Amino acid sequence: MSDMSDSQVILDIRGLKKYFPIKKGIFRTTAGWVRAVDGVDFFIREGETLGVVGESGCGKTTTGRCVIRLLDPTEGTVNFRKDGTMVNLADMTRKQMKEIRREIQIIFQDPFSSLDPRMSVLDIIREPLRVHDIGRRKQHIERVGELLERVGLRAYQMDRYPHEFSGGQRQRIGIARALALDPEVLICDEPVSALDVSVQAQVLNLLSDLQEEFHLTYMFIAHDLSVVEHISDRVMVMYLGKAVEMANSTELYKNPKHPYSEALMMAIPIADPRLQTKREPLGGNVPDPANPPEGCNFNTRCPYVQDICYKEEPPLAETAEGSDHFVACHFAADLSLAGWESRRSTDESA
Amino acid sequence: MANKDLLLSLEDLKTHFFSENGLVKAVDGVTFDIERGESVGVVGESGCGKSVTSLSIMQLIRRPRGDIVGGKILFNPEDGSSIDITKLSPGGRQMRSIRGNQISMIFQEPMTSLNPVYTIGNQIMEAVMLHQRSTKKQAKERAVEMLTKVGIPAPLQRVDEYPHQFSGGMRQRAMIAMALSCDPEFLIADEPTTALDVTIEAQILRLMKDIQQDFGVSIMIITHDLGVIAEMAQRVNVMYTGKIVEQAVTDDIYHNAKHPYTQGLLQSIPTIGRKQRLTPIRGSVPNLLTLPSNVCYFAPRCPHAMEICSKQEPPLYEIDEGHTCKCWLYEGSKEVSA
């Protein structure tokens, strides 16, 4: 990728790998490795939202956690632009990382388990301020009140406990906590998946507003393809620990270049009975990440598979210079794949 | 029995729970019909009573904490009889011969609804031997046959495997095989694809459609996902706080929604290709414990709320043939007696 020179890039991730050991027997010896993330390259530009989609086990959450070093990467670089220069977060000590976390924060999926039930909302939201030794209690109360109002709650609610709030309100508390230190980047890990449909829209709108107001950069991890298309400027599709495609979101949904992305576009449950797919759904299952196939990871399910796909792994490459559309498929240039819009015509058959 | 094609009709069904903190009217006057061979959707958010409706039909409401306190569930099987399920004892012989035999159910989480210590084959055989009085050998043949029908590869070998050896999608296929093993007339699918990935979800939805055609079974599909309903159902019931607020054929629900709640739901979900700001429904689903009676429960969140909405519960209006809506906005339309 030719983006190191791109001055807008705030996060540049290269060759990121995270392997988890499989322990066996009474001596807990390592019998193998689960390759949760297996060589992912991507970048995020300042002020944009990069959506990350993929099915369970594709490594999207692990990737997010490696970026903020909640997990230590096995290999690879995580370059973050701090005060104009790129620093590699993968090499940082815990102490250095603590400083970086003022700039990069995370919001979790489950608003029930990510808030300590024995802490008041005030203590939950001001914890980052305490950890970083910013201000005293009086300033904290003021800041927490401000944050609560900003995320759509009331300042007087700061003395309450998490169980007194609904799921959507709890997610707002999680967002307020993430914003407490005025970060530049927010990693949103499935922030709306646990919410009811009507509440999900409130939180998505809030995230958009906050992004504009505070010039935030989002890495938005989700499995819901409609939500990701809605909120993202660009989208990265992951499959079995690898990035298979990355492009502008409108472009990717209209003109997918990877057979897996095409399969996703055909499988999205669209809330319109006039947009139902006539195609056969993609067969098979995601292979075991402890034992991925040789060659292209997708060769066990790909309808367009050729001999080369069993031998050589395709690299993630830009389809044309400056297209900003990256794909990892040997036949990206030759295949003519269908986007979601093909579902409009009702007479379409396989 | 007025209509010969009517398989199941719920008439003013009320299922309440008696919690320590008070009465919860989880299902509060639900009326709808399911015709033979039809697939009907029930959609709503958490706490709307969609799952309790299905558990009531199966007589799986655990007493004394909850009970069916009113209404009828009329089941008209092919043999010409007509049974009011609410009159049957949940553990009685007649209910046990209906449950899992004439009416069966598949659940959201296939791992927790399968028994981990029995093989997949044994679990299918159990139902077959109980309901069809077949021998062990016949039951096993049936299990293999069913696994083949739901698209499980190498069924002769898989039949002797345990649930943990199956992937999520395969487990849901096995659940479907089990549910269909006694040739039911009616299948209830409660969030059948919620725990599955999108490509696997597409496979399971396709399988359920094929099965409906091949087996001629009627399906009631319960979900919060408007995309799944659009794909699967011919008619849709929209539920909110224990009541049905709108009922119509699927295309009308999506392209001619009348109830402000249905409209709100459709505007809250992101539509691909339209990057506009979403229009959420304000507030959140109310707590069923603190609901007042005889009002429209949606009024506090409704953009069209009028004075009457918080004073009197709206009746069900018929807006078009087969399209009903419980909302004061349609006052003047024909009222439907519940």
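Chain A is the first sequence line, chain B the second, and so forth, proteins listed ahead of strands; every chain is numbered from 1. Model, not experiment: these values are computed from the prediction.
Taking the centre and axis of the six-membered ring of B:Phe166, the NZ or CZ atom of B:Arg158 falls inside the cone set by 45° and 6.0 Å.
Across B:Gln267, B:His255, B:Gln276, B:Arg282, the residue that shares the most heavy-atom pairs under 4.5 angstrom with chain A is B:His255. Taking chain A as the reference chain and counting heavy-atom pairs below 4.5 Å, the highest number among B:Ile200, B:Ile229, B:Val228 is found for B:Ile200. Ranked by heavy-atom pairs under 4.5 Å with chain B, the list A:Ile268, A:Asp209, A:Thr250, A:Val286 is led by A:Asp209. Among the candidates A:Val199, A:Leu264, A:Asn205, the residue making the largest number of heavy-atom pairs closer than 4.5 Å to chain B is A:Asn205. Chosen from B:Ile281, B:Ile253, B:Ile272, the residue pairing most often with chain A at heavy-atom distances under 4.5 Å is B:Ile272.
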Given the rule in the salt bridge (Lys or Arg N to Asp or Glu O under 4.0 Å) test, do B:Lys209 and B:Glu231 qualify, once you have shown the distances and angles that lead to the verdict?
CA-CA 9 Å; B:Lys209 277 188 191 168; B:Glu231 180 109 13; 3.4 Å; yes
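Between the OG atom of B:Ser51 and the CD1 atom of B:Ile188 there is a distance of 10.5 Å, given to the nearest 0.5 Å.
Between B:Cys48 and B:Thr241 there is no side-chain heavy-atom pair separated by less than 4.5 Å.
Using a 4.0 Å cut-off between a side-chain N of Lys or Arg and a carboxylate O of Asp or Glu, A:Glu149 and A:Arg154 qualify as a salt bridge. Between A:Glu55 and A:Arg301 there is a salt bridge, since a side-chain N of the basic residue sits under 4.0 Å from a carboxylate O of the acidic one. Contact check on A:Arg45 versus A:Asp324 returns a salt bridge, with a Lys/Arg side-chain nitrogen under 4.0 Å from an Asp/Glu carboxylate oxygen.
For A:Ser232, the part lying near chain B is the backbone, with the side chain staying farther off; criterion is any non-hydrogen pair under 4.5 Å. Contact of A:Leu204 with chain B is made through the side chain alone, with heavy-atom distances under 4.5 Å. Contacts of B:Thr193 with chain A are absent, with no heavy-atom separation under 4.5 Å from either backbone or side chain. Only the side chain of B:Ser167 comes within contact range of chain A, with at least one heavy atom under 4.5 Å from a heavy atom of that chain. In this structure, the portions of A:Ser56 lying under 4.5 Å from any heavy atom of chain B include both its backbone and its side chain.
Using modelled atom types, one finds no donor on one side chain facing an acceptor on the other under 3.5 Å when comparing B:Glu38 with B:Ser218. Side chains of B:Gln247 and B:His323: a donor-acceptor N/O pair is absent below 3.5 angstrom, by distance only.
Without hydrogens or angle criteria, A:Gln276 side chain to A:Asp272 main chain gives a donor-acceptor distance under 3.5 Å. The closest donor-acceptor contact from the side chain of A:Asp196 to the backbone of A:Ser198 lies at 3.5 Å or more, if one exists at all.
Proximity to chain A at a heavy-atom threshold of 4.5 Å picks out B:Met170 from residues 170-177 of chain B, in numerical order. For a heavy-atom cut-off of 4.5 Å, chain B lies close to A:Leu225, A:Ser226, A:Val227, A:Glu229 in residues 213-229 of chain A.
Checked against a 6.0 Å centroid threshold, the rings of A:Phe298 and A:His258 count as neighbours.
For residues 259-275 of chain B, no residue pair satisfies the salt bridge (charged side-chain N to carboxylate O under 4.0 Å, His left out) rule, not counting sequence neighbours.
In this structure, the side chain to side chain contact (heavy atoms under 4.5 Å, CB included) partners of B:Pro163, at least two apart in sequence or on a different chain, are B:Met111, B:Leu114, B:Ile120, B:Gln123.
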